[in-house]
Every structure is written in C-alpha cells, then in structure tokens.
Amino acid sequence: MASSEEDGAGGGGSLEEKEKGRKRRLGALATAWLIGYNIAMTAGWLVLAIAMARFYMQKGTYKGLYKTIQKTLKFFQTFAVLEVVHCAVGIVHTSVLVTGVQVSSRIFMVWFITHSIKQIQNEESVILFLVVWTVTEITRYSFYTFNLLNHLPYFIKWARYNFFIILYPAGVAGELLTIYAALPYVKKTGIFSLRLPNKYNVSFDYYYFLIIVMASYIPLFPQLYFHMLWQRRKVLHGEVIVEKDD
Ligand SMILES: CCCCCCCCCCCCC/C=C/C(=O)SCCNC(=O)CCNC(=O)[C@H](O)C(C)(C)COP(=O)(O)OP(=O)(O)OC[C@H]1O[C@@H](n2cnc3c(N)ncnc32)[C@H](O)[C@@H]1OP(=O)(O)O
C-alpha cells in the first residue's frame with residue numbers, strides 16, 4: 001500500500017509530518033512499555049523459579065510447593081492477559097487468536113483448576129507444568145526484552161526457538177494430567193456446576209465441561225505447536241513462509 005508520504009504529491013507536508021511524528025512517538029512509547037512489561041515478567045518468573053528451587057532444597061519435597069508460590073504464580077500469569085491486549089491494539093505483531101488460546105488455557109489452569117480444586121495442588125503433574133511454564137517464560141520474556149534492546153545473545157534466541165520442542169508437549173502433559181486428577185473431586189463436590197431445578201432453568205456440569213476442555217487440546221495444541229515450528233524456521237533459518245490466499 002503506497003502511503004501519501006511515498007507519493008510525495010504536495011498535500012501540505014505539515015499534516016503528514018505531524019502524523020509521522022505521532023506514529024514515531026507512539027512507536028517509542030509502545031517499545032518503552034513492552035521493554036518494561038517484558039523485564040517485569042522475566043523478573044516475576046525468575047522470582048518463581050528461585051522460590052521453587054529454595055522450597056525444594058529446604059524441604060526436600062515438592063509437597064506444599066504450590067501453596068508457597070501460588071500468589072506469585074497467579075499474579076504474573078494473570079498479568080499475561082496484557083499479551084492479548086498487545087496483539088489486539090497492534091503493538092505486537094502476532095495473532096490475537098494464537099495468543100488468546102495460549103493465555104486463556106494458562107489462566108484457566110491457574111484459577112479454575114489448581115486454585116479451585118485444592119486436593120490436586122500436590123500432584124506431580126502440577127509441579128511438571130509449573131517447572132515447564134517457568135523455564136519457558138524466563139526464556140521467552142528475556143528473548144523479547146533483549147530483542148527490543150537490540151542486544152540479543154544467540155543462546156537466548158536458540159533457547160526460545162528450541163526449548164519449546166520438548167517443553168510444549170511436557171507442559172501439555174502436565175496440564176492434562178492435572179485436569180484428569182481433578183475430575184473425581186469435581187464430580188464429588190459438584191463445583192461450578194448448576195443442577196436443575198433452579199430459578200434460571202439452566203444446567204451446567206463442570207465435570208463434562210472439563211472433559212470437553214481436555215478433548216479441545218487435540219485440535220488446538222497442534223496448531224500452537226506448528227505455529228512455533230514456523231516461527232522457528234523463520235527466525236533461526238530465515239525461511240519466509242508464504243501463505244496461500246485460499
Ligand atoms: C475456557 C477454557 C479454555 C481452555 C482452552 C484449552 C485448549 C488449550 C489447547 C492448547 C494448550 C496449550 C497449553 C500450553 C502449555 C504451555 O505453555 S507448556 C510450556 C511450553 N510453552 C511454550 O513453549 C509456549 C510457546 N508459545 C508461545 O510462545 C506463545 O504463547 C505464542 C503465542 C504461541 C507465541 O507466538 P508468537 O508471539 O507468534 O511468537 P514469537 O515468535 O514469540 O513472536 C512473534 C512476534 O511478536 C513479537 N512479540 C510477541 N510477544 C512480545 C512481547 N511480549 N514483547 C515484544 N514483542 C513480542 C515477537 O518479538 C515477534 O516479533 P517479530 O520479531 O517482529 O516477528
């Protein structure tokens with residue numbers, strides 16, 4: 001698309017100059033915000049990593065670990081909602097849908113599974129996804145930070161686009177096993193379920209909803225994984241992927 005700047009056809013340059021200046025300021029502001037955001041997120045997940053390592057070294061067990069770190073986890077994972085906002089307002093050029101699925105599945109795990117169903121907080125699968133998320137996020141946010149500062153060490157770039165090959169399936173396994181472990185408690189307690197008769201005349205069974213969520217990983221996860229494989233090819237091997245129109 002040719003802009004009027006490129007056309008250079010008169011048009012009283014001052015208006016165009018003002019528009020260019022406004023875009024530059026917005027660009028600088030957005031970059032500054034993203035640098036701050038990514039530094040805060042890297043720091044948050046580092047705090048979480050240190051807290052988990054300290055807990056395990058002091059107690060020699062992972063039992064009780066979730067309870068100790070839950071506040072930090074909830075805060076920083078919930079804060080990641082801003083990533084969807086970043087895409088939606090266009091300061092980050094990536095898919096709102098892909099980011100939305102990723103972020104909502106994490107928030108769902110944190111608030112509607114691990115926070116709400118206390119009996120599963122000491123499951124090994126919880127520790128599995130916690131460790132995997134933590135490694136992923138420290139790598140990912142430090143990658144964005146250094147990239148924005150134009151000083152990206154190659155090993156961070158390499159880690160960002162290689163670790164996920166193992167970590168993504170491992171994280172998904174941790175999440176699915178955790179939801180699976182929650183099912184008996186959900187059935188027993190009827191948590192988040194709405195039974196008939198009630199004044200709204202609506203019924204909702206959280207148990208079956210969780211089964212649907214688990215099943216939805218089958219079509220959704222490969223799409224996220226292939227998205228990352230495409231990103232990897234583009235960034236590490238400089239391949240340009242041309243999308244078909246139809
Ligand atoms: C109601 C219930 C709903 C439940 C739904 C259930 C279904 C769920 C199914 C799937 C479940 C998945 C579960 C996930 C588990 C895990 O996370 S396990 C741990 C392993 N995880 C990973 O490795 C995560 C990998 N995923 C991601 O990194 C992201 O989530 C992503 C959205 C897939 C990343 O994609 P994208 O942003 O497109 O890739 P990048 O290459 O990183 O970035 C593209 C460009 O965007 C820029 N950018 C992005 N974010 C930022 C930022 N914060 N700051 C600055 N810049 C950013 C980036 O620099 C790139 O820009 P260019 O360089 O210009 O291309």
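One is the number of the first residue; the rest follow in order along the sequence. As the structure lists them, so they are numbered: ligands from 1, and atoms in each ligand from 1. Hydrogens, waters and symmetry mates are skipped; everything else that's a heavy atom, side chains included, is used.
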Taking only non-hydrogen atoms of Met41, do any sit less than 4.0 angstrom from ligand 1?
no
Is there a side-chain contact between [X] and [Y] (heavy atoms, below 4.5 Å)?
| X | Y | answer |
| --- | --- | --- |
| Ile113 | Glu175 | no |
| Asp205 | Arg195 | yes |
| Val131 | Ile127 | yes |
| Arg232 | His237 | yes |
| Arg54 | Ile50 | yes |
| Met52 | Tyr66 | no |

With heavy-atom distances below 4.0 Å as the criterion, list the atoms of ligand 1 near [X].
| X | result |
| --- | --- |
| Thr99 | 32 (C) |
| Arg106 | 16 (C), 17 (O) |
| Val98 | 32 (C), 33 (C) |
| Lys234 | 65 (O) |
| Gly171 | 18 (S) |
| Leu224 | 10 (C), 12 (C) |

With ring pair (Phe, Tyr, Trp, His ring centres under 6.0 Å) as the test, would you mind laying out the steps for Tyr225 and Phe164 before giving the verdict?
CA-CA 8 Å; Tyr225 198 67; Phe164 81 89; 5.8 Å; yes
Test your reading of the model: is there a side-chain donor-acceptor pair from Gln121 to the backbone of Thr114, 3.5 Å cut-off?
yes
Give me the residue, atom name and distance of the protein heavy atom closest to [atom].
| atom | value |
| --- | --- |
| atom 1 (C) of ligand 1 | Phe108 CD1, 4.3 Å |
| atom 46 (O) of ligand 1 | Val92 CG1, 3.7 Å |
| atom 8 (C) of ligand 1 | Ser105 CB, 3.7 Å |
| atom 26 (N) of ligand 1 | Tyr168 OH, 3.3 Å |
| atom 13 (C) of ligand 1 | Glu175 OE1, 3.4 Å |
| atom 11 (C) of ligand 1 | Tyr217 CE2, 3.5 Å |
| atom 63 (O) of ligand 1 | Asn147 ND2, 4.1 Å |

Run Trp111 and Thr78 through side chain to side chain donor-acceptor pair (under 3.5 Å) and show every step you take.
CA-CA 9 Å; Trp111 288 105; Thr78 309; 2.9 Å; yes
Students often mix this up, so state it plainly: with edges at 30° and 60°, are the rings of Phe209 and Tyr206 parallel, tilted or perpendicular?
parallel
Ligand 1 versus [X], non-hydrogen atoms closer than 4.0 Å: side chain, backbone, both, neither?
| X | result |
| --- | --- |
| His86 | neither |
| Val103 | neither |
| Tyr161 | side chain |

Check: [X] ring centroid to [Y] ring centroid under 6.0 Å:
| X | Y | value |
| --- | --- | --- |
| Tyr161 | Phe143 | yes |
| Phe192 | Phe204 | no |
| Tyr56 | Tyr62 | no |
| Tyr37 | Tyr144 | no |

Heavy atoms only: which of [options] is nearest to [atom]?
| atom | options | result |
| --- | --- | --- |
| atom 17 (O) of ligand 1 | Gln102, His93, Met109, Met228 | Gln102 |
| atom 6 (C) of ligand 1 | Gly100, Ser216, Ala170 | Ser216 |
| atom 22 (C) of ligand 1 | Leu220, Leu176, Thr136 | Thr136 |
| atom 27 (C) of ligand 1 | Gln231, Arg160, His227 | Arg160 |

Has ligand 1 got any nitrogen or oxygen that is less than 3.5 angstrom from a nitrogen or oxygen of [X]?
| X | value |
| --- | --- |
| Thr94 | yes |
| Tyr37 | no |
| Asn38 | yes |
| Tyr144 | yes |
| Ser104 | no |

Indicate yes or no: does Glu124 engage Lys63 in a salt bridge with an N to O separation below 4.0 Å.
no
Below 4.0 angstrom, counting only protein heavy atoms, does anything approach atom 60 (C) of ligand 1?
no
Heavy atom of protein closer than 4.0 angstrom to atom 40 (P) of ligand 1:
yes
Exceeds 12 heavy-atom contacts within 6.0 angstrom, atom CG of Leu236
yes
